[in-house]
Structures are given as C-alpha cells and as structure tokens.
Amino acid sequence: MALGRARLCRGETTRLLPQASRLVELPYASSDDDDTALAGDTPAAEQDPEARCPVPPKPGAFSQCVRYLAILWNLLFLLLGLLALAIGLWGLVAKDSLRGERLAALGSDPMLLFVLVGLGASAVSLAGCLGALRSSPCLLRFFVGAMVAFAGLEVLGGLLVLAARHRLRDGLRDALLLCLLRYQEEPDLRFLVDEVQRSLRCCGLGSYRDWETNPYFNCSAPGAQACGVPASCCRDPLQNGTVANAQCGFGVLSLGEAAAATAVHLGGCVGPLGAWLRGQAGGIATAATALVLAEAAGALMALKVLGDIAPVGAWD
C-alpha cells in the first residue's frame with residue numbers, strides 16, 4: 001500500500017514514524033468513505049454559519065423611542081448639574097473660599113452645597129447618558145442604583161422632617177444663629193439674612209437685641225458698627241426714599257425700646273420665617289414629589305433600555 005499524505009478532517013490526528021532519513025506520516029483515516037462519513041456526522045450548525053450565529057432581533061420602535069428619551073433626559077439633568085457645579089465653583093473662587101486660611105469655614109459655605117449637588121447630578125447623568133447611548137449594562141446599572149439611592153434618601157429625609165416637625169423651630173433658630181454669628185464673614189449668609197429681614201420685616205432671632213451676640217455689633221466691639229444692627233432691620237433703609245442708607249441701624253442697641261422702634265423692626269425672624277415655611281409646605285412637597293417622580297422615570301427608562309440589551313447579549 002503506497003504511503004502518502006492524506007487529507008485531514010477536523011479532529012483527526014497523525015503519527016510520525018522515522019524511516020532511514022525521512023519521516024513518514026501515517027494517517028488514521030485515509031479513505032474517502034471515512035471523510036464522507038465524518039462530513040455527514042458534522043452538525044448542521046457547524047456547516048451553516050447562519051444557523052450557528054443567527055442575527056439578533058432588532059429593537060422595536062417603542063424601545064428606540066425610550067432609548068432616545070433616556071438620552072435626552074440625562075442630557076437635561078447633565079446640563080443642570082454642570083450649571084449648579086459652575087455656580088458653586090464661581091461662588092467659592094469669587095470669595096476666595098479655597099484659600100488655605102479659609103478652608104476651615106468651607107463646611108458652612110452655601111456654595112459648597114451647589115458644588116456637591118452639581119457634581120453628583122452631572123456624574124450620574126453622564127453615566128446614564130453614556131449607558132443608553134453605548135448600550136452599556138454596567139453604566140446603566142450604576143445609573144439605576146444611583147437613582148434608587150437618591151430617591152430613597154429624599155423619601156427618608158421627608159419622613160424625618162414629618163416625624164420631627166415639632167423640633168423644626170429649634171433647628172431653624174440654630175441655623176439663623178449661625179447666620180447671625182457669621183454675618184460679616186460669609187457674603188452668602190449675609191445676603192440670606194438681609195433678604196429674610198427685609199422681606200419679613202423682622203430683626204434678629206427673637207428680637208433685635210439678638211445682634212448683640214455678633215462680635216462686630218456688640219457694644220463692646222471697636223468700630224462704627226458697635227451697638228448697631230444691619231441696615232436690613234431698618235424700617236426705612238432708603239435715605240430720602242432713593243439712596244440706600246447703610247448706617248440707619250448704627251447705635252440702635254444703645255437706645256431704649258421706644259426710640260429703637262422708630263428706626264428698626266423690633267420683632268425677631270424665627271416666628272415669621274416659620275409661618276412662611278408652613279405656608280409654603282404645599283409647594284415644597286409638590287416640588288419634592290416631582291423630583292422623586294422624575295428620578296423614578298429616569299430609572300424606569302434605564303431599566304427598559306437594560307432589558308432590551310440583555311436579550312441581544314444572549315445571542316452572542
């Protein structure tokens with residue numbers, strides 16, 4: 001029987017035998033009948049690539065619509081987050097709050113809240129946008145988890161506020177006291193205090209004499225502001241009705257109550273501010289509910305996109 005090189009099918013092996021100075025290859029199967037039999041035993045899926053790797057189904061029109069809505073939804077909140085982040089950073093830089101000697105008071109800076117909220121919102125929205133755009137299950141799962149966490153924290157915060165609503169007055173007093181003590185040091189807190197006192201026609205926490213606790217308005221302090229109150233406490237902060245009079249509250253704390261009543265508002269701001277917040281409770285609850293619903297809508301859209309990705313991945 002003549003020896004030669006035979007055709008090898010998938011799965012066949014050969015052995016080499018040394019003969020003199022050449023190697024002879026002996027096939028295990030050399031007949032055409034065996035090749036035909038082996039070819040006949042090959043599964044149809046291996047013979048036909050189309051049967052082995054079918055084309056995955058194309059997402060429907062509704063799935064495509066949900067995907068584009070998810071991208072637009074995340075783009076909107078990404079822009080809002082970047083806007084809040086830019087406002088916060090601008091406020092910190094404008095006030096030199098990032099300098100070494102002022103870093104200790106950074107925790108009480110209202111602009112830090114804008115930075116944190118903007119950073120969190122933009123990062124999560126960017127993950128959701130890229131996840132929907134690139135069909136990335138990892139980014140979409142991260143986005144859904146973040147939305148669930150945010151919504152859970154907001155609901156928990158609302159429940160805590162309802163449970164401790166009787167203590168809100170004390171918390172409001174503590175917050176106003178912090179603003180009063182840091183009135184000259186934080187421009188943002190000064191702006192908030194002035195707006196509250198000017199809008200509600202009040203002065204101090206419980207009365208105008210609470211400004212004595214401020215180290216700059218205390219009667220023992222040096223300077224022109226000693227024994228005074230901010231101009232936002234004045235009944236008529238405008239001189240001649242047109243020009244702002246920043247000195248209308250100077251020396252008021254050294255006057256009697258009757259004389260001081262002609263120049264400034266004597267009542268404190270805790271009561272009026274609490275009443276105003278109770279009046280705005282409906283609007284605050286509506287805004288919080290709308291925010292939670294918006295987060296839930298974003299999570300549901302991401303889950304829909306994630307569900308459309310999973311069947312396609314099963315075909316790979």
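Numbering of residues begins at 1 and proceeds along the displayed sequence. Only this structure's heavy atoms are used, side chains among them; waters, hydrogens and symmetry mates stay out.
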Side chain of [X], backbone of [Y]: donor and acceptor closer than 3.5 Å?
| X | Y | result |
| --- | --- | --- |
| T213 | D210 | yes |
| Q197 | G204 | yes |
| S125 | S122 | no |
| N218 | P215 | no |

To the nearest 0.5 Å, what is the distance between [atom1] on [X] and [atom2] on [Y]?
| X | Y | atom1 | atom2 | value |
| --- | --- | --- | --- | --- |
| S136 | L130 | OG | CG | 8.5 Å |
| T289 | E154 | OG1 | CD | 10.0 Å |
| S220 | E212 | OG | CD | 9.0 Å |
| Q280 | T286 | CD | OG1 | 11.0 Å |
| C269 | R201 | SG | CZ | 12.5 Å |

Are any of the side-chain nitrogens in D308 or K304 under 4.0 Å away from the carboxylate oxygens of its partner?
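K304 and D308: salt-bridged.
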
Less than 4.5 Å apart, any side-chain heavy atom of [X] and any of [Y]?
| X | Y | result |
| --- | --- | --- |
| D194 | P230 | yes |
| V229 | L253 | yes |
| D174 | L178 | no |
| Q184 | F217 | yes |
| R141 | L306 | yes |

If you take all heavy atoms of [X] and [Y], which pair is closest and at what distance?
| X | Y | answer |
| --- | --- | --- |
| E257 | L266 | CG-CD1, 3.6 Å |
| C179 | L189 | SG-CD2, 3.8 Å |
| A226 | C219 | CB-O, 4.2 Å |
| V270 | L172 | O-CD2, 3.9 Å |
| L255 | R209 | O-NH2, 3.2 Å |
| S135 | P137 | O-CD, 3.3 Å |

Taking ring pair (Phe, Tyr, Trp, His ring centres under 6.0 Å) as the definition, give me every residue that meets it alongside F250, ordered by chain and number, with sequence neighbours left out.
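Ring pair (Phe, Tyr, Trp, His ring centres under 6.0 Å) list for F250, sorted by chain: empty.
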
Got a sec, which residues hit ring pair (Phe, Tyr, Trp, His ring centres under 6.0 Å) with Y208, two or more places apart in sequence or on another chain?
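Testing Y208 for ring pair (Phe, Tyr, Trp, His ring centres under 6.0 Å), a comparison that skips the adjacent residues, returns none.
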
Could you give the side-chain donor-acceptor pairs of residues 65-92 under 3.5 Å, partners two or more places apart or in another chain?
from : atom 1 : to   : atom 2 : distance (Å)
R67  : NE     : A132 : O      : 2.8
R67  : NH2    : A132 : O      : 3.4
R67  : NH2    : L133 : O      : 2.6
N74  : ND2    : A70  : O      : 2.6

Option from W211, Y216, F191 for which ring-ring contact (aromatic ring centres under 6.0 Å, His included) with Y183 holds:
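With Y183 as partner, ring-ring contact (aromatic ring centres under 6.0 Å, His included) holds for just one option, W211.
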
Give a yes or no on whether [X] and [Y] share a hydrophobic cluster (residues Ile, Leu, Val, Met, Phe, Trp, Tyr; joining criterion: side-chain heavy atoms under 4.5 Å apart).
| X | Y | value |
| --- | --- | --- |
| W276 | V193 | yes |
| L300 | L293 | no |
| L273 | V161 | no |
| L192 | L277 | no |
| L139 | I309 | no |

Check salt bridge (Lys or Arg N to Asp or Glu O under 4.0 Å) between [X] and all other residues, then give those that pass, not counting sequence neighbours.
| X | answer |
| --- | --- |
| D188 | K95 |
| E195 | R198 |
| R173 | none |

SG-SG distance between C233 and C202 under 2.5 Å?
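No, because the SG atoms of C233 and C202 are not under 2.5 Å apart, which misses the disulfide cut-off.
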
Heavy-atom count around R235 CZ within 6.0 Å, excluding the residue itself: above 12?
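Yes, enclosed.
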
